[in-house]
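One structure below.
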2 protein chains.
Amino acid sequence: MRLFHVDIKRFEVEGLATLKDISEELGLSVATVSRALNDFPEVNPKTKRRVAETAERLGYRPNRIAQRLVTGRSGMVGMIVKIRADMSADQTFFEVLTGMTAALASRDADLVLAVDQGDDPVAPYRRMMERNILDGFILNAPVPQDPRVAFLQEQGIPFVMHGRSADAVGYPFYDIDNRAVSSDAVELLLALGHRRIALMNGEARFAYASARRAGFEAAMAEEGGKVPEAFVADIAPNESAAYALALRWLSGRAGPRPTAIVCASTVLAAGVFAAARDVGLHVPGDLSVVAHDDALPQTRAINFAPTLTVTRAPLRDACAPLAHALIDHIDGTPSEVLQTRVRAEMIVRESTGPAPEGESDPWP
Amino acid sequence: MRLFHVDIKRFEVEGLATLKDISEELGLSVATVSRALNDFPEVNPKTKRRVAETAERLGYRPNRIAQRLVTGRSGMVGMIVKIRADMSADQTFFEVLTGMTAALASRDADLVLAVDQGDDPVAPYRRMMERNILDGFILNAPVPQDPRVAFLQEQGIPFVMHGRSADAVGYPFYDIDNRAVSSDAVELLLALGHRRIALMNGEARFAYASARRAGFEAAMAEEGGKVPEAFVADIAPNESAAYALALRWLSGRAGPRPTAIVCASTVLAAGVFAAARDVGLHVPGDLSVVAHDDALPQTRAINFAPTLTVTRAPLRDACAPLAHALIDHIDGTPSEVLQTRVRAEMIVRESTGPAPEGESDPWP
DNA sequence: AGAGAAATTCAAAACGTTTTAAATTTCTTG
DNA sequence: CAAGAAATTTAAAACGTTTTGAATTTCTCT
């Protein structure tokens, strides 16, 4: 690529002042102007005021590129968005996007998005890194042994993860206790007398799904129960997949009917509700349903009839902590103090009730 | 914001070579290494080869920040995405995104996205411009007297527009002939004997909707027809709005029933189909339907039953021309030669047929 | 061998900013 | 007033790359 300098200059913003302009007008050095604007303590307050006023008047704006060249920092952090073949993205996409944009803005940082449709999870990071413009990355949807982690750590690129790829990791993250998401739900249902509890989990490839399955199975094992394989399922995150599976479970075709189902999301719960209705089961009289709720506008648990009992962890609550963690990490804070674990809140609503009479037999 | 240099350096990529490393190893000047890598004609081919091989071996990658500082170019172009209050975006979003990303990559450029939920259309551009990192912008969904255009032109920032805000504009664009979208549909329907043709248009605030209304009304006027106001409607781009309006039209509550409807999108056509079915009308026997088709995967005209007659202009076809126009414009090509107008293709399928017997009376 | 032309490479400046360490100025004290 | 300390400002180098115009090298011809 042949780069030109002469013609391009006409596209530069007219009237933009540099430190040099300010220094000439005030009879100060460029270094002093820079130190004044950056609030260095040894600069006289009066000098600081004069510099600030002149900068304002001349419309000075720092050249971020020049800053980046010297400091290695641009104030821009990246996020890669995975696009599916059908041109959709995870439904949480915009929620995260807007929350993260706002949170980063409070730290004078900008979010830079890029999309990816490829098969190599690392390639888009490599590509964005090549520009050498970004300060760091925000990662989400971790898988066990996430190759992105290895790559970014090897390259020494700061990043934070929404979720985590393992229990103990060497990077900053914000994660809910996914074991507790399942075990809390199981404990509530056990307390209500349920013994045949099924898990409708998220996609197996994600780390959160592994943790939830582990938490579910551990809680069931505490009660002395071993759940049949058919009733612990990892499925695609859509209502129709949930509907089909729930139909099989509730029709008795897969074995004894569960009296309760723990769902990975409110979307799956909607499918379960529809299946229960279609086989003539009443929620919660015949079947109790608990779901995990990311508190997305489109899938509100309170919009369900009956209202949905949930483990609730608003996705949006992750944005500010993640943004701050990333900026702090870029500033030099060690990873260990930037790892946030939160427990989802159990909110009992109408979709859970006592196990039906005569339906307290455990899984065989 | 206080910027630091010392501690941050530990995040720099290990082992990255600079031009200086190459020049030292080969005993050449930094200038020659640069000129060799940038294929300057006066550099000896043998020298070029030696430089290229050494760069490859040392893992040299250009520091884009340094290039940007000298040339004013970063190879990154921006696009602002409007997010609605319900956390959704235009359904064309991902289609444009992926197409544009690929097209820009072929020009060694990257797309940088930012989201906006505010009320001021100009503010996000101002904010992104403040970083002084982007080479230009891609704009879409123009409105008449688009304030973004005025702002970016005043600031001398290169941009291209998908669509245009007026008939004659001073910036590069890629646009379909929206007048012809309507008039082509009307002409087809007139040729089939239809006289009572209604227009279900897009949102009035967009420039394309104005053009389509004008084209529709002009084509109907050619036939000596004046369409009643009630049958030329600007509506929200969703199926339920279309369904409700079509019900009113087809029930006869708004006046004589139209024998044909021209829809702004396939989404609206789906609403019209549903309404026709619900009032017992047959498509195309009782009602012909033509829609504009952006050829999005989710809203395929061939997925309709009966298959849909459309004016077709795949949204994706805009991506490469827009990407190239922007890079060329940044390179100095004048706007006038970067303005592309395309005519949508008329594809006649099953949803259009002759006007029903005894239904050839024009609008009153 | 010398002169002139052509080919090739180089030194230096530029881009705008930050920061180290030195220089300069101001203040305090005897 | 002079000396010393503290406060403030500055010169210079750095960041990595590009490009102008000059310098150097190579080639050709007499």
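Proteins come first, then strands; the chains are lettered A, B, ... in the order of their sequence lines, and each starts at number 1.
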In whole angstrom, give the distance that lies between atom [atom1] of [X] and atom [atom2] of [N].
X: B/Asn63; N: D/dG16; atom1: CG; atom2: C1'; answer: 5 Å
X: A/Arg73; N: C/dT19; atom1: CZ; atom2: P; answer: 11 Å
X: B/Ile133; N: C/dT17; atom1: CD1; atom2: P; answer: 13 Å
X: A/Arg68; N: D/dG16; atom1: CZ; atom2: C1'; answer: 12 Å
X: A/Ile65; N: C/dT18; atom1: CD1; atom2: P; answer: 14 Å
X: A/Asp39; N: C/dT19; atom1: CG; atom2: P; answer: 13 Å
X: A/Glu24; N: C/dT17; atom1: CD; atom2: P; answer: 13 Å
X: B/Arg64; N: C/dC15; atom1: CZ; atom2: C1'; answer: 17 Å

Of the options C/dC15, C/dT9, D/dT17, whose atoms approach the side-chain atoms of B/Val43 most closely? C/dT9
What nucleotide, of C/dT17, D/dT18, C/dT19, holds the atom closest to the side chain of A/Phe40? C/dT19
Heavy atoms only, 4.0 Å cut-off, all strands: where does A/Ser34 land among base, sugar-phosphate and nothing? base
Qualifying residues under side chain to side chain contact (heavy atoms under 4.5 Å, CB included), relative to [X], sequence neighbours excluded:
X: B/Ala55; answer: B/Ile22, B/Leu37, B/Tyr60
X: A/Thr47; answer: A/Leu28, A/Thr32, A/Val43, A/Asn44, A/Val51
X: B/Ala103; answer: B/Ala320, B/Ala323
X: A/Asp120; answer: A/Val122, A/Ala123, A/Arg126

Quick note, salt bridge (Lys or Arg N to Asp or Glu O under 4.0 Å) partners involving residues 23-32 of chain A, not counting sequence neighbours, are A/Lys20-A/Glu24, A/Glu25-A/Arg57
Pairs flagged by salt bridge (Lys or Arg N to Asp or Glu O under 4.0 Å) wherever residues 138-153 of chain A is involved - sequence neighbours left out: A/Asp146-A/Arg148
Considering residues at least two apart in sequence or located in another chain, which fulfil the ring pair (Phe, Tyr, Trp, His ring centres under 6.0 Å) criterion with A/Tyr125? A/Phe137
A/Tyr171: which residues meet the ring pair (Phe, Tyr, Trp, His ring centres under 6.0 Å) condition with it, sequence neighbours left out? A/Phe159
Taking only side-chain nitrogens and oxygens of [X], does any of them come within less than 4.0 Å of OP1 or OP2 of [N]?
X: A/Gln67; N: C/dT17; answer: no
X: A/Asn44; N: D/dA7; answer: no
X: A/Asn38; N: C/dT18; answer: yes

DNA chain D contacts among residues 47-57 of chain A, heavy-atom distance under 4.0 Å: A/Thr47
With the threshold set at under 4.0 Å for non-hydrogen atoms, list the residues of residues 25-32 of chain B touching DNA chain D in residue-number order. B/Val30, B/Ala31
Shortest non-hydrogen contact between B/Cys319 and B/Glu95, atoms and distance: SG-O, 4.4 Å
In sequence, state the C-alpha distance, the side-chain angles, and the governing distance for B/Met100 and B/Ile138, and then conclude on side chain to side chain contact (heavy atoms under 4.5 Å, CB included). CA-CA 9 Å; B/Met100 196 61 68; B/Ile138 293 160; 3.6 Å; yes
For A/Asp116, check salt bridge (charged side-chain N to carboxylate O under 4.0 Å, His left out) against everything at least two apart and list the hits. A/Lys82
With 3.5 Å as the limit, what N/O pairs link the protein to nucleotides 21-27 of chain D?
none

Go through the steps for A/Asp135 and A/Met76 under the test side chain to side chain contact (heavy atoms under 4.5 Å, CB included), then give the verdict. CA-CA 6 Å; A/Asp135 294 340; A/Met76 300 172 86; 5.7 Å; no
